[in-house]
Amino acid sequence: PTPPEGRLAGRALRFYADGPGRWRALAPLPTETAPGPAPLRLAAGGAPVAAALEILPAAFRTRSLRIPPRFLEPPAAARRRMALDRAAIDAAYDRPFAPPAVSGRFTPPVEAEVTGRFGDERRYRGRSEGIHYGLDLAAPAGAPVAASNDGQVVLARDCYQSGNTVILWHGAGLFTTYLHLSRVEVRPGDTVRRGQELGRVGSTGRSTGPHLHWGVKVDGLWVDPASIERLDLAPGG
């Protein structure tokens with residue numbers, strides 16, 4: 001009747017009930033996790049279990065970008081705005097842990113070519129600008145953007161860096177993000193269904209052209225959206 005306890009590669013796992021006598025946890029790992037065995041420790045019903053997962057090399061790519069100078073060295077007014085954006089985003093991610101409230105598998109929010117992969121290192125003038133924590137989908141400006149699964153809108157805001165931004169909460173510490181929209185058609189507090197329109201593709205914020213940046217965060221870590229498409233988180237899935 002009580003959830004198991006466990007850790008994967010030193011990170012605590014959070015379990016939720018998934019039917020009588022069945023428990024499930026989502027287990028993200030940092031992109032910096034070294035290849036090799038990742039120890040798994042579980043305790044269920046007083047019985048300890050030890051195992052390991054094999055972490056494979058990631059083979060992330062490096063890409064060079066042209067970025068407007070105002071995003072590399074933002075003025076004081078922009079830095080104040082960015083601080084407000086960060087506070088609003090942190091509040092959006094501050095949700096209680098609960099079982100996922102989804103319907104079936106996650107689907108891409110727009111059908112388009114992937115032009116930016118998860119884990120790409122972004123460089124400008126030979127200097128690293130960080131890791132790309134999402135997928136860039138090269139849909140045309142104005143194309144509709146759909147919710148990748150059922151969820152609640154916890155942020156709908158024009159942010160300095162990410163432009164018009166929507167964040168959905170799906171339960172189980174899982175969130176999906178939709179960035180650089182030209183238009184937003186939902187409001188915080190709205191409950192949406194998979195496939196429901198959230199807004200339109202654009203190039204707002206720190207963007208080099210029309211596209212959708214689709215991100216997935218689990219338990220505070222960004223994960224590859226392509227990996228979440230392979231999971232069926234509906235009860236008993």
Side-chain angles (χ1 to χ4, degrees), residues 31 58-86 88-89 92 106-149 151 153-168 175-187 192 194-217 222-229:
T31 56
F60 295 137
R61 303 182 305 176
T62 298
R63 297 187 63 199
S64 296
L65 298 177
R66 293 182 178 180
I67 302 173
R70 69 181 185 276
F71 292 112
L72 293 173
E73 298 178 0
R79 291 196 294 271
R80 288 192 293 270
R81 180 181 169 190
M82 290 166 63
L84 293 174
D85 292 340
R86 173 47 53 195
I89 292 169
F106 284 72
T107 56
V110 64
E111 292 295 335
E113 178 188 1
V114 176
T115 54
R117 297 283 180 182
F118 179 87
D120 287 351
E121 182 189 13
R122 300 298 180 86
R123 302 186 70 84
Y124 175 75
R125 291 182 178 176
R127 185 180 68 184
S128 176
E129 291 297 325
I131 302 299
H132 187 242
Y133 290 119
L135 293 180
D136 283 344
L137 304 175
V145 174
S148 57
N149 214 319
V153 179
V154 291
L155 185 83
R157 179 184 177 90
D158 179 10
C159 298
Y160 182 79
Q161 294 276 35
S162 55
N164 289 322
T165 299
V166 172
I167 300 179
L168 299 185
F175 300 82
T176 54
T177 66
Y178 311 79
L179 313 185
H180 308 302
L181 302 173
S182 62
R183 191 169 75 204
V184 173
E185 299 180 3
V186 291
R187 293 184 293 182
V192 299
R194 182 177 61 177
Q196 181 176 332
E197 188 172 314
L198 303 175
R200 299 289 176 135
V201 171
S203 184
T204 55
R206 178 173 165 165
S207 171
T208 57
H211 73 287
L212 175 73
H213 175 102
W214 179 36
V216 177
K217 180 173 274 192
W222 294 107
V223 302
D224 189 347
S227 68
I228 209 72
E229 292 181 61

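All of these numbers come straight from a predicted model, not from anything done at the bench.
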Check your understanding: For Arg79, which residues count as a salt bridge (charged side-chain N to carboxylate O under 4.0 Å, His left out) partner, sequence neighbours excluded?
Key -> none
Check your understanding: Arg157 and Asp85: which non-hydrogen atoms are nearest, and at how many Å?
Key -> NE-OD1, 2.9 Å
Exercise for review: Any chance you could lay out the side-chain contact (heavy atoms from CB on, under 4.5 Å) test for Val166 and Leu155, step after step, and finish with the verdict?
Suggested key: CA-CA 5 Å; Val166 172; Leu155 185 83; over 6 Å; no
Check your understanding: Atom CD1 in Ile89, atom OG1 in Thr177: separation rounded to 0.5 Å?
Key -> 9.0 Å
**Study point:** CA sep, side-chain torsions, deciding dist, call: Tyr178, Val110, side-chain contact (heavy atoms from CB on, under 4.5 Å)
**Key:** CA-CA 11 Å; Tyr178 311 79; Val110 64; over 6 Å; no
Point to revise | Shortest non-hydrogen contact from Trp214 toward Glu229 | key: CZ3-OE2, 3.8 Å
Review point. Angle class for the His180/His213 ring planes (parallel below 30°, perpendicular above 60°, tilted otherwise)?
Key: perpendicular
Check your understanding: Which atom pair, heavy atoms only, marks the closest approach of Ala147 to Leu168?
Key -> CB-CD1, 3.7 Å
Check your understanding: Which atoms form the tightest heavy-atom contact between Val201 and Ala139, and what is the distance?
Key -> CG1-O, 3.5 Å
Practice item. Kindly compute the distance separating CD (Glu185) from CD (Gln196), expressed to the nearest 0.5 Å. Key: 10.0 Å
Point to revise | By side-chain hydrogen bond (donor to acceptor under 3.5 Å, both in side chains) - contacts of Thr165 (at least two apart) | key: Ser162
Review point. Residues in side-chain hydrogen bond (donor to acceptor under 3.5 Å, both in side chains) with Arg80, at least two apart?
Key: none
Check your understanding: Between Ser148 and Pro108, is there a donor-acceptor pair closer than 3.5 Å when you use the side chain of the first and the backbone of the second?
Key -> no
Review point. So, does Arg194 use its side chain to make a donor-acceptor pair with the main chain of Asn149 at under 3.5 Å?
Key: no
Review point. Are side-chain heavy atoms of Pro109 and Leu198 found at a separation under 4.5 Å?
Key: no
Review point. When rounded to the nearest 0.5 angstrom, what is the spacing between CZ in Arg81 and SG in Cys159?
Key: 7.5 Å
Exercise for review: Determine, stepwise, if the pair Leu179 / Arg206 fulfils side-chain contact (heavy atoms from CB on, under 4.5 Å).
Suggested key: CA-CA 10 Å; Leu179 313 185; Arg206 178 173 165 165; over 6 Å; no
Exercise for review: Check for a donor-acceptor pair, side chain of Thr204 on one end and backbone N or O of Asn164 on the other, with a separation under 3.5 Å.
Suggested key: yes
Exercise for review: Could you tell me which non-hydrogen atom of Val216 sits nearest to which non-hydrogen atom of Trp222, and how far apart they are?
Suggested key: O-CE3, 3.3 Å
**Study point:** Minimum heavy-atom distance between Leu135 and Phe118, given as atom pair plus value
**Key:** CD2-N, 3.8 Å
Review point. Can Leu181 and Leu212 be said to form a side-chain contact (heavy atoms from CB on, under 4.5 Å), step by step?
Key: CA-CA 7 Å; Leu181 302 173; Leu212 175 73; 3.8 Å; yes
